[in-house]
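What follows is a single structure, written as structure tokens, with notes after it.
Just so you know, ligand 1 is whichever comes first in the structure, and atom 1 is the first atom listed for that ligand. In this chain, residues are counted from 1 in sequence order.
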Amino acid sequence: MNFLKHYFYTFGLVFLVLMATGCKDQKENSNKEENMGTRSLGEKATIEADDFGTMPDGKKVDRYTLKNQSGMEVGIITYGGIIVSLKAPNNEGISEDIMLGLDSLSQYIQSNPYFGAIIGRYGNRIANAKFSLEGMEYTLAANNGVNHLHGGIKGFDKVLWDAFPEKERNGASLRLTYNSKDMEEGYPGNLSVSVTYTLKDDNSLDVHYEATTDKKTIVNLTQHSYFNLSGDFSKTVLDHELTLYSDAYLPVDRALIPTGEIAPVDGSPFDFREPKTIGRDIAQDHDQLKKGSGYDHCWVLNNPNSGIRLSARVRHPESGRIMEVFTDEPGVQLYTGNFLNGTLPAKGGGTYAQRTGFCLETQHYPDSPNQKKFPSVVLNPGEKYASNTSFKFSTEPK
Ligand code: GLA
């Protein structure tokens, strides 16, 4: 009897152990499958919302934080659709904030040189704040001397956007919408605008713009992020190596309005067709660099009308970070933070000195409504304005 009992106990124990191991294996396998599943479905990307403060009129401003599974994180607020932070890994896998910005909503409201903001209705300048459409002259808000800049006194960078977060197949996205009223800042037509930021698992941040109008109008939307790929805002961006896929640029007058000439970059400090540091030629004795106080010009991108294509590549040798800019726009404004002057407090301490950030604003050319030779920026009722830009981050080994 004792022998039999012993036999059954031992058998039972072995049976239980086998069962448990089997279950465990099964569970591990199903976890593995789940992980594989979530990976391909991008469910590991997350979006979280928190409070970013209150507008003077009592309206709440939210911040959405998009995270992917490859170490990138982007913070976007509903005020101005501003990207307040962008963390991307360096070549040691360390994610750092490479986006210039301010610490609080009140600082953004008080004085923001368009850090991280959506720009509209018109990116960059319109001469004398005037343009004509079908024989009607429109007068816009003059907020840059006599000229109009970045949508006026209260452009899209200073309005509250409605936000719709969404998980994507391979990342997370935030759609922002805004209805701009007929004659807002002087522009005709009720314009319904949406800007969708999508952070993908391949470490690209896509920006998709759309707009429709009920009256003939003009539109030229862009994104005004200032980057410093070193992740150290006390350093300038002069050591960043830049390539621009462009054979020509638009010379400007003293007020930074394009003269209408399309000038070849060949043999000038504006030639970035081969990688060179932003700082290499910036101090050259060149009339256009004096007018711009450095680079503050629109480059005419090669291969227009060929859809989204590589327009710029920036490489920061020390951190190994690389940013590539893809766009379907005809131009890109390179602005090298020439007007930053050490008065704005930097995130994490210190201040933003001159040239501690660069912008690559993909867009139609400045002052297009007044320049017959430039591609049209007119939007008619029944048409859809659509524009795409993608900022792709990667690293190169040390
Ligand atoms: C743009 C303009 C610059 C400057 C900055 C914001 O890039 O071209 O001249 O106004 O915005 O300071």
Side-chain angles (χ1 to χ4, degrees), residues 80-83 99-102 107-127 129 140-158 185 207 220-228 233 236-237 242 244 246 249-259 270 278 282 288-301 311-312 314 325 327 329-344 346 351-368 370-371 374 377 389 391:
I82 295 173
I83 302 176
M99 171 77 59
L100 274 66
L102 302 167
Q107 285 174 327
Y108 277 108
I109 294 174
Q110 205 188 321
S111 172
N112 177 19
Y114 306 99
F115 281 161
I118 296 170
I119 305 296
R121 289 189 195 189
Y122 201 92
N124 217 276
R125 295 176 174 78
I126 296 179
L140 301 168
N143 61 327
N144 193 238
V146 295
N147 302 316
H148 178 84
L149 174 67
H150 293 333
I153 295 159
K154 192 176 176 190
F156 292 176
D157 59 299
K158 296 183 186 68
E185 301 295 305
V207 193
N220 186 25
L221 305 178
T222 190
Q223 222 295 329
H224 209 301
S225 284
Y226 290 61
F227 300 93
N228 186 322
F233 303 131
T236 73
V237 293
L242 171 67
L244 289 173
S246 162
Y249 77 106
L250 306 176
V252 292
D253 68 13
R254 285 168 161 278
L256 295 169
I257 304 279
T259 58
F270 292 81
I278 291 179
I282 203 169
Q288 280 299 313
L289 287 172
K290 284 188 193 138
K291 290 198 164 108
S293 311
Y295 296 110
D296 191 354
H297 297 76
C298 187
W299 268 254
V300 173
L301 293 170
S311 64
V314 192
V325 185
T327 189
E329 285 292 329
V332 66
Q333 179 88 8
L334 166 66
Y335 170 61
T336 45
N338 312 318
F339 301 131
L340 297 176
N341 59 7
T343 51
L344 288 172
T351 59
Y352 293 114
Q354 195 188 36
R355 304 204 174 123
T356 48
F358 69 90
C359 306
L360 286 166
E361 306 154 53
T362 54
Q363 57 183 35
H364 272 56
Y365 310 156
D367 199 32
S368 298
N370 298 310
Q371 306 260 0
F374 292 175
V377 288
T389 291
F391 300 93

Residues passing the side-chain hydrogen bond (donor to acceptor under 3.5 Å, both in side chains) test with Q354, sequence neighbours excluded, are none

Exercise. Taking the six-membered ring for Trp, is the centroid-to-centroid distance between Y295 and F270 below 6.0 Å?
Worked result: yes

With no hydrogens and no angle check, do the side chains of N338 and R355 hold a donor and an acceptor under 3.5 Å apart?
yes

When the side chains of residues 356-366 are checked against the rest of the protein, which donor-acceptor pairs come out under 3.5 Å, sequence neighbours left out?
{"unit_1": "T356", "atom_1": "OG1", "unit_2": "A353", "atom_2": "O", "d": "2.7"}
{"unit_1": "T362", "atom_1": "OG1", "unit_2": "T389", "atom_2": "OG1", "d": "2.7"}
{"unit_1": "H364", "atom_1": "ND1", "unit_2": "E329", "atom_2": "OE1", "d": "2.5"}

Between ligand 1 and the protein, which N/O pairs are shorter than 3.5 Å?
{"unit_1": "ligand 1", "atom_1": "7 (O)", "unit_2": "H224", "atom_2": "NE2", "d": "3.3"}
{"unit_1": "ligand 1", "atom_1": "7 (O)", "unit_2": "E361", "atom_2": "OE1", "d": "3.4"}
{"unit_1": "ligand 1", "atom_1": "7 (O)", "unit_2": "E361", "atom_2": "OE2", "d": "2.8"}
{"unit_1": "ligand 1", "atom_1": "8 (O)", "unit_2": "N124", "atom_2": "ND2", "d": "3.0"}
{"unit_1": "ligand 1", "atom_1": "8 (O)", "unit_2": "R125", "atom_2": "NH1", "d": "3.2"}
{"unit_1": "ligand 1", "atom_1": "8 (O)", "unit_2": "D296", "atom_2": "OD1", "d": "2.6"}
{"unit_1": "ligand 1", "atom_1": "8 (O)", "unit_2": "Q333", "atom_2": "NE2", "d": "3.3"}
{"unit_1": "ligand 1", "atom_1": "9 (O)", "unit_2": "R125", "atom_2": "NH1", "d": "3.3"}
{"unit_1": "ligand 1", "atom_1": "9 (O)", "unit_2": "R125", "atom_2": "NH2", "d": "2.8"}
{"unit_1": "ligand 1", "atom_1": "9 (O)", "unit_2": "D296", "atom_2": "OD1", "d": "3.4"}
{"unit_1": "ligand 1", "atom_1": "9 (O)", "unit_2": "D296", "atom_2": "OD2", "d": "2.4"}
{"unit_1": "ligand 1", "atom_1": "10 (O)", "unit_2": "R125", "atom_2": "NH2", "d": "3.4"}
{"unit_1": "ligand 1", "atom_1": "11 (O)", "unit_2": "H150", "atom_2": "NE2", "d": "2.9"}
{"unit_1": "ligand 1", "atom_1": "11 (O)", "unit_2": "H224", "atom_2": "NE2", "d": "2.8"}

side-chain hydrogen bond (donor to acceptor under 3.5 Å, both in side chains) filter on K154, not counting sequence neighbours, yields none

Practice problem: Evaluate the side-chain proximity of L301 to V332: yes if any heavy-atom separation is below 4.5 Å, no if none is. | Solution: yes

